[in-house]
Number of protein chains: 2
Amino acid sequence: MEKELDDTDCPVTATIALFGGRWKLPILYILSKNTRRFGEIQVRVPSISKKVLTNQLRELEADGLISRKQYKELPPRVEYALTDFGKTLCPLLIDIAAWQRKSIDNLTKVK
Amino acid sequence: MEKELDDTDCPVTATIALFGGRWKLPILYILSKNTRRFGEIQVRVPSISKKVLTNQLRELEADGLISRKQYKELPPRVEYALTDFGKTLCPLLIDIAAWQRKSIDNLTKVK
DNA sequence: CTGTATCCTGTTGGATACTG
DNA sequence: CAGTATCCAACAGGATACAG
């Protein structure tokens with residue numbers, strides 16, 4: 001009866017690896033609303049540098065959560081969107097946002 | 001109509017700050033099952049050092065998600081448990097675990 | 001048992017400049 | 001516009017030793 005985490009500890013850890021990055025959840029949330037260009041994402045994630053944003057996007061792409069479509073134009077245009085797999089996270093994003101709204105008192109109280 | 005993240009981007013970020021640490025979600029999950037002593041947690045979170053575990057526990061405590069009860073015994077005993085506030089995260093933990101189970105194929109595929 | 005203190009290394013992330 | 005390249009500082013995290 002000491003096996004209670006074999007099914008959910010490692011899984012939880014694996015999931016965290018997907019969107020545990022400091023900016024990944026916000027990015028996923030933004031893309032859940034709209035396909036967005038690089039600059040649009042950057043504007044919507046305050047105080048993230050191009051370097052870090054690039055890195056986070058690459059990781060999300062490598063994990064199959066988002067897609068990257070590059071248009072061969074001048075000036076260049078790149079659009080990011082959730083993949084079908086990434087879209088399966090949307091309910092979770094909504095739950096997290098709902099939990100936060102419910103708990104905002106506690107959050108601000110501690111701060 | 002460009003306000004879609006004022007309500008949920010920052011909130012998501014704030015929530016991530018609570019359990020975004022690499023080990024926090026596993027720790028919370030473990031404590032959602034049982035009150036646990038320091039050593040018990042350490043055994044159940046593979047390859048976490050005492051230093052990091054201590055740090056994560058302190059942060060979770062500071063955020064009001066877990067409580068720390070120290071017994072003045074020899075040898076010392078310390079028990080960690082979810083606070084009422086921490087318990088409100090349980091449904092979220094369950095959702096995350098459920099999502100992972102549903103998506104394990106994609107997860108292993110990408111790896 | 002439950003930590004703290006110290007040292008040390010690797011990674012992360014900011015600033016800046018540059019490219020196609 | 002959408003990055004890449006480079007340098008650098010700060011912090012995270014492991015190993016080890018020690019303490020109450």
Side-chain angles (χ1 to χ4, degrees), chain A residues 2 9-10 12-14 16-28 30-31 34-63 65-83, chain B residues 2 9-10 12-14 16-28 30-31 34-63 65-83:
Chain A
E2 288 293 319
D9 171 22
C10 297
V12 165
T13 305
I16 273 296
L18 288 187
F19 56 67
R22 208 167 2 268
W23 306 109
K24 288 185 181 179
L25 224 31
I27 292 171
L28 289 170
I30 290 165
L31 293 180
N34 277 299
T35 294
R36 289 294 184 192
R37 301 176 59 173
F38 184 89
E40 292 176 324
I41 300 174
Q42 192 176 14
V43 170
R44 284 167 177 73
V45 183
S47 76
I48 193 174
S49 67
K50 280 191 294 189
K51 182 179 163 184
V52 174
L53 178 55
T54 301
N55 180 43
Q56 300 278 291
L57 290 172
R58 293 284 181 276
E59 289 182 13
L60 289 169
E61 193 188 357
D63 286 332
L65 291 171
I66 68 173
S67 63
R68 179 180 184 275
K69 183 167 184 179
Q70 182 167 9
Y71 296 85
K72 287 295 185 178
E73 309 171 350
L74 258 304
R77 181 158 59 103
V78 178
E79 285 185 351
Y80 293 90
L82 291 189
T83 61
Chain B
E2 291 291 319
D9 172 21
C10 296
V12 165
T13 305
I16 272 297
L18 287 188
F19 56 67
R22 206 162 10 265
W23 306 109
K24 288 184 182 177
L25 223 29
I27 291 171
L28 290 171
I30 290 165
L31 293 180
N34 277 297
T35 294
R36 290 294 184 189
R37 301 176 59 173
F38 184 88
E40 292 176 323
I41 301 174
Q42 192 176 15
V43 170
R44 284 165 176 75
V45 183
S47 74
I48 193 175
S49 68
K50 282 189 296 190
K51 181 179 164 184
V52 175
L53 178 55
T54 300
N55 181 42
Q56 300 279 290
L57 290 172
R58 293 285 181 275
E59 289 182 15
L60 289 169
E61 192 189 357
D63 287 333
L65 292 171
I66 68 173
S67 63
R68 179 180 185 276
K69 182 166 185 181
Q70 182 166 10
Y71 296 85
K72 289 293 187 181
E73 309 171 351
L74 258 304
R77 181 158 60 103
V78 179
E79 285 185 350
Y80 293 91
L82 291 188
T83 61

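We name chains A, B, ... by the order of the sequence lines, and we start the count at 1 in each one.
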Length of the [atom1]-[atom2] vector between [X] and [N], whole Å:
X: Gln42(A); N: dA2(D); atom1: CD; atom2: C1'; value: 9 Å
X: Phe38(B); N: dG3(C); atom1: CZ; atom2: C1'; value: 6 Å
X: Asn55(B); N: dT2(C); atom1: CG; atom2: P; value: 18 Å
X: Glu61(A); N: dA2(D); atom1: CD; atom2: C1'; value: 14 Å
X: Leu53(B); N: dA15(D); atom1: CG; atom2: P; value: 15 Å
X: Gln70(B); N: dG3(C); atom1: CD; atom2: C1'; value: 9 Å

State the [atom1]-[atom2] distance between [X] and [Y], to the nearest 0.5 angstrom.
X: Leu57(A); Y: Tyr80(A); atom1: CG; atom2: OH; value: 4.5 Å
X: Leu65(A); Y: Ile27(A); atom1: CG; atom2: CD1; value: 11.0 Å
X: Arg68(A); Y: Phe38(A); atom1: CZ; atom2: CZ; value: 9.5 Å
X: Ile30(B); Y: Trp23(B); atom1: CD1; atom2: CH2; value: 10.0 Å
X: Glu40(A); Y: Thr35(A); atom1: CD; atom2: OG1; value: 9.5 Å

| query | Is the count of non-hydrogen atoms from other residues, nucleotides or ligands lying under 6.0 Å from Arg22(B) atom CZ greater than 12? | reply | no
| Touch class at under 4.0 angstrom, heavy-atom based, for Tyr71(A) against every strand present | nothing
| If we fit an axis to the first five pairs and another to the last five of the helix from dC1(C)-dG20(D) to dG20(C)-dC1(D), what angle do they make, to the nearest 10°? |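 What I find for the helix from dC1(C)-dG20(D) to dG20(C)-dC1(D) is an axis angle of 50°.
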| query | Are any of Arg68(A)'s side-chain N or O atoms less than 4.0 Å away from OP1 or OP2 of dG3(D)? | reply |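 Answer yes for this pair, as a side-chain N or O of Arg68(A) is under 4.0 Å from OP1 or OP2.
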| Between dG13(D), dC1(D), dG13(C), which one does the side chain of Arg22(A) approach most closely? | dG13(C)
| query | Looking at dC1(D), dG3(D), dT2(C), which one has an atom nearest to any side-chain atom of Arg37(A)? | reply | dC1(D)
| request: Search all heavy atoms of Leu18(A) against all heavy atoms of Lys24(A) and return the closest pair with its distance. | output: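 In this case the closest contact between Leu18(A) and Lys24(A) is O-CD, 3.2 Å.
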| message | Base contacts versus sugar-phosphate-only contacts with protein, heavy atoms under 4.0 Å: please encode nucleotides 14-20 of chain C as B, S and - from 5' to 3'. | response | BB----B
